[in-house]
Amino acid sequence: MFSLFYGLWKYMLSKMEFHVLILGIDKAGKTTLLEKLKSQYSNVEGLPPDRIVPTVGLNIGRVEVSNTKLVFWDLGGQPGLRSIWEKYYEEAHAVIYVIDAACPSRFEDSKSALEKVLRHEDLQGAPLLILANKQDLEDAVSADELAQYLDLKNWMREFIHFKLFQHSMGKQILLLGIKESVNWLVDAMERSKRTDMLRVRAGSSVV
Ligand SMILES: Nc1nc2c(ncn2[C@@H]2O[C@H](COP(=O)(O)OP(=O)(O)OP(=O)(O)O)[C@@H](O)[C@H]2O)c(=O)[nH]1
Ligand SMILES: [Mg+2]
């Protein structure tokens, strides 16, 4: 009986599209991450880093990870563009927040932008994945150091599904990093009450 329900549940999830917002301040590496995700998980070859320009609108990437359809929304992180982020919160199943771990002078900006994201009620219950990016650079701080700086324990009560990964676009470990992160995210979204809530709201029991 259990396997019947489990199979049905898996089938329903496979029909769903999960919307994942990629946020973070400008130059954190969001679009570079998106292009890597495309290269890694779809037939579309992502743009090489030297062809990526600062984002002004919205970049979208659709990929499939072990039968789960993911739609990534990558938004611009320049100060004047951050007010647009909240327009996407309501429909988002999860958030990836990217931080340039090699640029301490911008940690404060990054932290306050993250706190604003976390405080927003439209994102309640959304799994949050924080990437301590650019680990290939010499000045990069570790994920643990960054977590301490961000004082994340305060937020963990509300964001039960929460994880911080070290990440880098520059080295071989990157691919493992991406796979680990995406697997964690898919699992967190599949278990999240927010996913149930969004499915009910969309009126799609089995689409
Ligand atoms: N060394 C290194 N450079 C990176 C990494 N990820 C991104 N970059 C570089 O960081 C710069 C900014 O990357 P983007 O992906 O455009 O950053 P973004 O967060 O999308 O920036 P906005 O669109 O302005 O919000 C580019 O020069 C990238 O090549 C990384 O892991 N390591
Ligand atoms: Mg960008």
Side-chain angles (χ1 to χ4, degrees), residues 19-42 44-63 70-89 91-92 94-118 120 123 126-147 149-150 163-185:
H19 304 146
V20 181
L21 261 178
I22 305 179
L23 301 176
I25 66 172
D26 50 298
K27 302 193 186 71
K30 301 179 293 299
T31 308
T32 310
L33 169 70
L34 177 77
E35 295 304 321
K36 284 285 176 191
L37 287 166
K38 286 200 241 170
S39 302
Q40 174 86 359
Y41 289 105
S42 73
V44 182
E45 193 54 43
L47 285 175
D50 57 351
R51 292 197 41 213
I52 294 173
V53 294
T55 308
V56 176
L58 166 73
N59 299 312
I60 297 183
R62 285 174 193 279
V63 307
L70 305 182
V71 183
F72 291 100
W73 292 331
D74 160 41
L75 292 160
Q78 293 170 52
L81 299 172
R82 292 178 206 166
S83 57
I84 299 168
W85 293 359
E86 64 181 34
K87 308 222 180 314
Y88 294 85
Y89 290 172
E91 302 296 323
V95 174
I96 298 179
Y97 194 85
V98 185
I99 299 176
D100 179 347
C103 192
S105 63
R106 301 204 67 202
F107 283 176
E108 204 177 316
D109 190 15
S110 204
K111 181 180 177 181
S112 69
L114 173 62
E115 285 174 351
K116 216 169 160 198
V117 172
L118 298 182
H120 205 289
L123 274 177
L128 169 70
L129 173 73
I130 300 179
L131 291 183
N133 196 26
K134 306 199 187 180
Q135 289 295 323
D136 56 303
L137 297 179
E138 216 173 286
D139 294 337
V141 302
S142 69
D144 285 347
E145 284 171 299
L146 197 58
Y149 176 82
L150 296 171
K163 191 140 178 130
L164 204 146
F165 277 92
Q166 287 193 180
H167 194 260
S168 137
M169 298 295 166
K171 284 193 175 160
Q172 197 65 53
I173 53 161
L174 150 87
L175 296 182
L176 187 67
I178 279 197
K179 269 195 182 157
E180 267 184 358
S181 319
V182 170
N183 288 345
W184 178 85
L185 198 69

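In listed order, ligands and their atoms are each counted from 1.
- By the 4.5 Å heavy-atom criterion applied to side chains, Asp26 and Pro79 are counted as neighbours.
- For the Mg ion (ligand 2), the set of nearby N, O or S atoms under 2.8 Å includes one belonging to Thr55.
- Taking every heavy atom of Asp136 and a limit of under 4.0 angstrom, the matching atoms of ligand 1 come to 1 (N), 2 (C), 30 (C), 31 (O), 32 (N).
- Of the listed options Leu33, Thr32, Leu34, Leu47, Thr32 places a heavy atom closest to atom 14 (P) of ligand 1.
- Contact of the Leu33 side chain with the Val98 side chain is registered, since non-hydrogen atoms from C-beta on lie closer than 4.5 Å.
- In the model, Ser112 has no side-chain atom that pairs as donor or acceptor with a side-chain atom of Glu115 under 3.5 Å.
- A 4.5 Å side-chain heavy-atom check between Tyr97 and Leu131 finds every atom pair outside the cut-off.
- Checked by distance only, ligand 1 and Val53 stay at 3.5 Å or farther apart across all their nitrogen or oxygen atoms.
- At a heavy-atom cutoff of 4.0 Å, ligand 1 is contacted by the side chain of Asn133 but not by its backbone.
- Atoms of ligand 1 lying under 4.0 Å from any heavy atom of Ile52, numbered from 1 in the order shown and given with element: 16 (O).
- Listed by number with element, the atoms of ligand 1 under 4.0 Å from a non-hydrogen atom of Gly76 are 25 (O).
- For the pair Arg82/Ile25, a side-chain contact is recorded, criterion being any heavy-atom separation below 4.5 Å from C-beta on.
- Atoms of ligand 1 found under 4.0 Å from any heavy atom of Leu137 (numbered from 1 in listed order, with element): 1 (N).
- For Ala28, the heavy-atom gap to ligand 1 drops under 4.0 angstrom.
- Taking the side chain as every heavy atom from C-beta outward, Ile130 and Ile99 approach each other to under 4.5 Å.
- Close approach to Thr55 involves these atoms of ligand 1, each under 4.0 Å from a residue heavy atom: 22 (P), 23 (O), 24 (O).
- Distances from atom 17 (O) of ligand 1 to the heavy atoms of Ala102, Ala101, Gly29 show the closest one on Gly29.
- In the vicinity of Pro54, heavy-atom distances shorter than 4.0 Å reach the ligand 1 atoms 23 (O), 24 (O).
- Comment: Lys38 engages Glu35 in a salt bridge, judged by a side-chain N to carboxylate O separation of less than 4.0 angstrom.
- Inter-residue side-chain proximity for Leu21 and Trp85 is flagged as unmet; no heavy-atom pair is nearer than 4.5 Å.
- Side-chain contact between Val182 and Tyr41 is present, with heavy atoms from C-beta onward closer than 4.5 Å.
- For a threshold of 3.5 Å applied to N or O pairs, the pair formed by Lys30 and ligand 1 contains at least one separation below that value.
- Lys30 has no carboxylate O lying under 4.0 Å from a charged side-chain N of Asp74, or vice versa, which leaves the two without a salt bridge.
- On a distance-only criterion, Asp74 and ligand 1 share no N/O pair closer than 3.5 Å.
- Distance check for Thr31 against the Mg ion (ligand 2): an N/O/S atom falls below 2.8 Å.
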